[in-house]
Amino acid sequence: MRRKPVILFVVVILLVSLSIVLGACQAAPTATPTMAKPTPAPSPAVAAPTPITAPPTPTKVAALTQPAATAAPATPAPKGTASKGKIVVAMAAEAETMEPGRSVAYANQIVAHNILDYLVWRDNKTQQLRPVLAEKWEQVAPERWRFTIRTGVKFQDGSPVDTQTIAWNINRLNNPSHPDMQVQANFPDLKEAVAVDANTLDLVSKVPDPIMPMRALEMPISSKKFIEETPELIPTKAVGSGPYKFVEWNRGQYVKLTANPDYWGPPPAVK
């Protein structure tokens, strides 16, 4: 009867001891969260960042991105130097006549375009109309175009190139009794040329013509003095205000021209 209580007591003591050991084992992990975290020392790099100084690169970029206008402009080319040298141009055919407008042969065009001036011409690069004897032009009415004529230009015989002479030239070429092939073929609706004043010329058409300035490419302007005073020389000689002067025509051989020293524009390169 006395052994049972002893055994039970021992068992109870063993169970209590085991529960204490187990409790101690389970409580150990919960102790970690309650431990105070060490405060890390402030990093000097984070707390006080080193200021970033501007590198030299921006200075170089600024120098490279300066506007082009600040650069010294190229020295403009002089208006022209004295013509010099000689050139021989071979053509497949001979000019038929020196009288402007009487022939549309290519050889005639080459000779005329060097000796005579026109109201306008085409730019060799852009193919746009550029001023020659006419400095500007505008359409002032459906059938009327107004041209402002360059001042101070002279023909190679010394006579002035003015609106009266230009109008006389165009009306002469447009006269049905004068068998001109350029103006009458390329400007069939031309009515008349009118000298409005010393610097203003009007080209009047029978019907509205929006391409009047382009047709002015086919209106060669010759010296009125030369035509009226020496009509016998009209078929064999030409006098205009262009960059080259007529010198000699040896039929079947050559036509010789020379640079016009009094030309109003830049002197031609070849003499």
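Numbers for residues simply follow the sequence, beginning at 1.
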Quiz prompt | Shortest non-hydrogen contact between Leu173 and Pro220, atoms and distance | solution = CD1-O, 3.7 Å
Self-check item: Test log, rule side chain to side chain contact (heavy atoms under 4.5 Å, CB included), inputs Ile110 and Val255
Solution: CA-CA 11 Å; Ile110 293 177; Val255 175; over 6 Å; no
Quiz item: Near Glu192 CD, under 6.0 Å, is it more than 12 heavy atoms from other residues, nucleotides or ligands?
Solution: yes
Practice problem: Calculate, to the nearest 0.5 Å, the distance between atoms CZ and NZ belonging to Phe147 and Lys136 respectively. | Solution: 13.0 Å
Quiz item: Roughly how far apart are Phe246 CZ and Thr258 OG1, rounded to 0.5 Å?
Solution: 12.5 Å
Quiz item: Are Val194 and Leu119 connected in the hydrophobic side-chain network, where two residues link if heavy atoms are under 4.5 Å apart?
Solution: no
Exercise. Output yes when a side-chain donor or acceptor of Asn174 lies under 3.5 Å from a complementary backbone atom of Leu190, and no otherwise.
Key: yes
Self-check item: Reported NZ-to-NZ distance for the pair Lys271 and Lys84, which is rounded to 0.5 angstrom
Solution: 12.0 Å
Quiz item: Between Trp137 and Leu129, does a side chain to side chain contact (heavy atoms under 4.5 Å, CB included) hold up when you go through it step by step?
Solution: CA-CA 11 Å; Trp137 48 90; Leu129 293 182; 4.0 Å; yes
Quiz item: Is there a donor-acceptor pair closer than 3.5 Å between any side-chain N or O of Asn108 and the backbone N or O of Glu96?
Solution: yes
Exercise. Before giving the answer on side chain to side chain contact (heavy atoms under 4.5 Å, CB included), spell out for Phe155 and Ile221 the whole-Å C-alpha distance, their side-chain angles and the decisive distance to 0.1 Å.
Key: CA-CA 10 Å; Phe155 288 107; Ile221 307 301; 3.9 Å; yes
Practice problem: Look up atom CZ in Arg122 and atom CZ in Arg130, then write down how far apart they are to the nearest 0.5 Å. | Solution: 11.5 Å
Practice problem: Indicate the atoms forming the closest heavy-atom contact of Tyr244 with Pro268, along with that distance. | Solution: OH-CB, 3.4 Å
Quiz item: Is any side-chain heavy atom of Pro188 closer than 4.5 Å to a side-chain heavy atom of Lys206?
Solution: no
Exercise. Nearest 0.5 Å please: distance from the CZ atom of Arg144 over to the CG atom of Asp202.
Key: 4.5 Å
Exercise. Please report the closest heavy-atom contact between Trp145 and Asp209, naming both atoms and the distance.
Key: NE1-O, 2.9 Å
Self-check item: side chain to side chain contact (heavy atoms under 4.5 Å, CB included), paired with Ile166, selected from Asp117, Asn171, Leu203, Ile149
Solution: Ile149
Practice problem: Might you confirm whether atom CG of Asp123 has over 12 heavy atoms from other residues, nucleotides or ligands at distances under 6.0 Å? | Solution: yes
Quiz prompt | In one Ile/Leu/Val/Met/Phe/Trp/Tyr side-chain cluster, 4.5 Å: Leu201, Met214 | solution = yes
Quiz item: Transitively linked via ILVMFWY side-chain contacts under 4.5 Å: Ile170 with Val207?
Solution: no
Quiz item: With a 4.5 Å limit on heavy-atom distance, are the side chains of Ser205 and Lys191 in contact?
Solution: no
Exercise. Answer yes or no: is there a donor N or O on one side and an acceptor on the other, between the side chain of Thr148 and the main chain of Glu135, under 3.5 Å?
Key: no
Quiz item: If you look at every heavy atom in Ser241 and Leu133, which pair is closest and at what distance?
Solution: OG-CD2, 4.1 Å
Self-check item: Cluster link Ile234 to Val239, ILVMFWY, side chain under 4.5 Å
Solution: yes
Quiz item: Any donor and acceptor pair, going by atom type alone, linking the side chain of Gln109 with main-chain N or O of Ala112 inside 3.5 Å?
Solution: no
Practice problem: Apply side chain to side chain contact (heavy atoms under 4.5 Å, CB included) to the pair Val196 and Thr163, showing each step before the final yes or no. | Solution: CA-CA 8 Å; Val196 179; Thr163 55; over 6 Å; no
Practice problem: If a pair satisfies side-chain hydrogen bond (donor to acceptor under 3.5 Å, both in side chains) and one of its residues is in residues 224-235, list it, with sequence neighbours excluded. | Solution: none
Practice problem: Considering non-hydrogen atoms only, spot the tightest contact between Ile115 and Gln156 and give its length. | Solution: O-NE2, 3.3 Å
Quiz item: So, are Lys154 and Asp262 salt-bridged, with charged N and O less than 4.0 Å apart?
Solution: no
Quiz item: Mind checking whether Ile227 and Val161 sit in one hydrophobic cluster, side chains of I, L, V, M, F, W, Y counted as touching below 4.5 Å?
Solution: no
Quiz item: Is any side-chain heavy atom of Asn169 closer than 4.5 Å to a side-chain heavy atom of Met219?
Solution: no
Self-check item: With Glu94 via side-chain contact (heavy atoms from CB on, under 4.5 Å) - residues at least two apart
Solution: Trp249, Arg251
Self-check item: Atom of Ser223, atom of Ser159 and distance for their closest heavy-atom approach
Solution: OG-OG, 3.5 Å
Practice problem: Could you tell me the separation between the CE atom of Met98 and the OG atom of Ser222, rounded to the nearest 0.5 Å? | Solution: 11.5 Å
